[in-house]
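Some notes on the structure that comes next.
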Amino acid sequence: MKKGNLKNKIRKFHLWLGLGSGIIVFIVALTGALYAFKVEIESALEEKYVISTEGKKKLPPSKLKELAENKLPKKKVHAIQYHEVNKPSTVIFYNADPSYHYTVSLNPYNGKILEIKDENQGFFHFIYQGHMYLWLPPVIGQTIVASGTLLFLFLIISGIILWFPKKKKEIRKKICFQWKETSKWKRKNFDLHSILGFYVSIVALVFIITGLVWGFPWFGYLYYKTIGGDKSVIYQDPISIKTKVLSKNQDSPSIDKAYYIMKSQNPTAMSIEIHPPETDSTSIACNANSEKETFWKTDYRYFDQYNLEEKQVDNIWGRFTTADNSDKLLRMNYDIHTGAIAGLAGKTFAFLISLIIASLPVTGFLIWWGRKNK
């Protein structure tokens, strides 16, 4: 097959892929850009709470749990989060069916309720639902988003092939905007699509791969195995064996003891999270994060709810010290996807790249429309 005929076939392939996935790519990229600074915006809003720490100790998780449950008595506590010394603590209420997600912010020193928030409401929840599910039911929306993302992978690859010039001396023309005063909008639009598409292609591939890790379990498994992983990627809560009935007069509840263990062994942690056992046979899941803006260094621990014996797991969600390079790379997936792995500069970069990616379906559609309606 001649190169010209091959490129024509790739061009048609690129066109139909673009028309088929364009609206999905546009929505996912635009909502991803809008979601980029969620943490920074919400942290700025939390600064209205002034918490005095002088000469005080933080209340144990059982007490914060009790105070929050008084406000939401019919909801199930998912976790208790402790943050920096001058920041509110958070009690998370979460359930899949029936679906609800509330957070109760408290002063960790005196237990005063600062805010009760429905996380299933608000601007960022709306943006998140669009990014993950296109505002459709999750079972349907996630499949459509993941499928559109997979199509975008082939779209990027075919775009790079179409962009690559026949002669090396033409590369300079291909990577520069060389518009004349007489250049028509079709020429400018074509250059915006092809040149910007080439510039963002590598970063777009990173977004695509990290997104597909969540979108398709089989992709996440193959990705982990490809980078050398040998553990399970499925989260499993270790079992607690009920050996005795706990005394009502015990000095402190098990979740408090687990918290004190985590606190003593992670004195510089930026956050500590305690998950009460969901049943009488599950463990107390705890984690400590040494960093404020990223999650990949989080240390995951599990304690028997009856005797506080530490439980080991054979999946990637265990001790950070036992994670090998492939485990760490998979743990980095969210931080890479959002750009947080490189701090605020990385998030800003991800924001700008996402906006450019969102523009590609628009300029590509205009190219097709212009050729169709000469």
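What you are looking at is a predicted structure, and each value in this text was computed from that prediction instead of being measured.
- The aromatic rings of H14 and H193 sit perpendicular to each other, their planes meeting at more than 60°, with 30° as the lower class boundary.
- Side-chain contact between L366 and W185 is present, with heavy atoms from C-beta onward closer than 4.5 Å.
- With sequence neighbours excluded, no residue forms a side chain to side chain contact (heavy atoms under 4.5 Å, CB included) with D97.
- N95 CG to Y102 OH: the interatomic distance, rounded to the nearest 0.5 Å, is 11.5 Å.
- More than 12 non-hydrogen atoms from other residues, nucleotides or ligands lie less than 6.0 angstrom from CG of N110.
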Side chain to side chain donor-acceptor pair (under 3.5 Å), that's the test. Do S43 and E40 meet it? Break it down for me.
CA-CA 5 Å; S43 295; E40 286 73 17; over 6 Å; no
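- When the side chains of ILVMFWY residues are joined at heavy-atom separations under 4.5 Å, either directly or via intervening members, V39 and F124 end up in two distinct hydrophobic clusters.
- Within a 6.0 Å sphere centred on OH of Y128, heavy atoms belonging to other residues, nucleotides or ligands number 12 at most.
- F295 meets the ring pair (Phe, Tyr, Trp, His ring centres under 6.0 Å) test with Y334; sequence neighbours excluded.
- Heavy atoms from other residues, nucleotides or ligands lying under 6.0 Å from NZ of K328 number more than 12.
- Summarising the geometry of S254 relative to L308, their closest heavy-atom pair is O-CD2, 3.8 Å, with the distance given to 0.1 Å.
- Listed by first and then second residue, the ring-ring contact (aromatic ring centres under 6.0 Å, His included) pairs involving residues 130-153 are F126-W135 (not counting sequence neighbours).
- At a threshold of 4.0 Å, the pair D191-R187 counts as salt-bridged, since one of the basic side-chain nitrogens sits closer than that to a carboxylate oxygen.
- With a 4.5 Å cut-off on side-chain heavy atoms, H101 and H125 do not count as touching.
- The number of heavy-atom neighbours closer than 6.0 Å to CD of E310, taken from other residues, nucleotides and ligands shown, is above 12.
- Listed by first and then second residue, the side-chain hydrogen bond (donor to acceptor under 3.5 Å, both in side chains) pairs that reach into residues 209-223 are T210-H337, sequence neighbours excluded.
- A salt bridge is absent between K231 and D314: the closest approach of a Lys/Arg side-chain nitrogen to an acidic carboxylate oxygen does not fall below 4.0 angstrom.
- Side-chain contact between S89 and I80 is absent, with no heavy-atom pair separated by less than 4.5 Å.
- Counting only heavy atoms from C-beta outward, the side chains of V77 and E69 approach each other to under 4.5 Å.
- By the salt bridge (charged side-chain N to carboxylate O under 4.0 Å, His left out) test, E309 pairs with no residue at all, sequence neighbours left out.
- The 12-atom threshold is not exceeded at CZ of F349, counting heavy atoms of other residues, nucleotides or ligands nearer than 6.0 Å.
- The distance from the CG atom of N107 to the NZ atom of K87 is 13.0 Å, given to the nearest 0.5 Å.
- Here the side chains of K117 and E42 are in contact, with some heavy-atom distance below 4.5 Å.
- For R11 (side chain) and L162 (main-chain N/O), no donor-acceptor pair under 3.5 Å exists by modelled atom type.
- Counting non-hydrogen atoms of neighbouring residues, nucleotides and ligands closer than 6.0 angstrom, the NZ atom of K225 exceeds 12 such neighbours.
- Looking only at distances, a side-chain donor or acceptor of D335 sits under 3.5 Å from a matching main-chain atom of W296.
- In this structure, the side chain of S240 engages the main chain of Q305 through a donor-acceptor pair within 3.5 Å.
- Cluster annotation: I92 is not connected to I284 through the hydrophobic network of ILVMFWY side chains, with a link wherever side-chain heavy atoms come within less than 4.5 Å.
- Inter-residue side-chain proximity for I255 and P277 is flagged as met; some heavy-atom pair is nearer than 4.5 Å.
- Two different hydrophobic clusters hold M270 and M332 under the rule that ILVMFWY side chains link at heavy-atom gaps under 4.5 Å.
- Between the side chain of R301 and the backbone N or O of I261, no donor-acceptor pair lies under 3.5 Å.
- The list of salt bridge (charged side-chain N to carboxylate O under 4.0 Å, His left out) pairs with a residue in residues 135-148, not counting sequence neighbours, is empty.
- Across all their heavy atoms, A146 and L212 have their closest contact at O-CD2, 3.5 Å.
- N333 places no side-chain N or O within 3.5 Å of a backbone atom of L329 that could act as its donor or acceptor partner.
- K257 forms no cation-pi arrangement with F303, by the criterion of a distance under 6.0 Å to the ring centre and an angle within 45° of the ring axis.
- A 6.0 Å sphere centred on NZ of K75 holds more than 12 heavy atoms belonging to other residues, nucleotides or ligands.
- Atom OG of S271 and atom CG of N287 lie 6.5 Å apart (nearest 0.5 Å).
- With values rounded to the nearest 0.5 angstrom, T282 atom OG1 is found 9.5 Å from I239 atom CD1.
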Tell me, with the steps shown, if Y94 and Y100 meet ring pair (Phe, Tyr, Trp, His ring centres under 6.0 Å).
CA-CA 6 Å; Y94 174 80; Y100 59 77; 7.5 Å; no
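- Here L153 contributes atom CG and I209 contributes atom CD1; the two are 7.0 Å apart, rounded to the nearest 0.5 Å.
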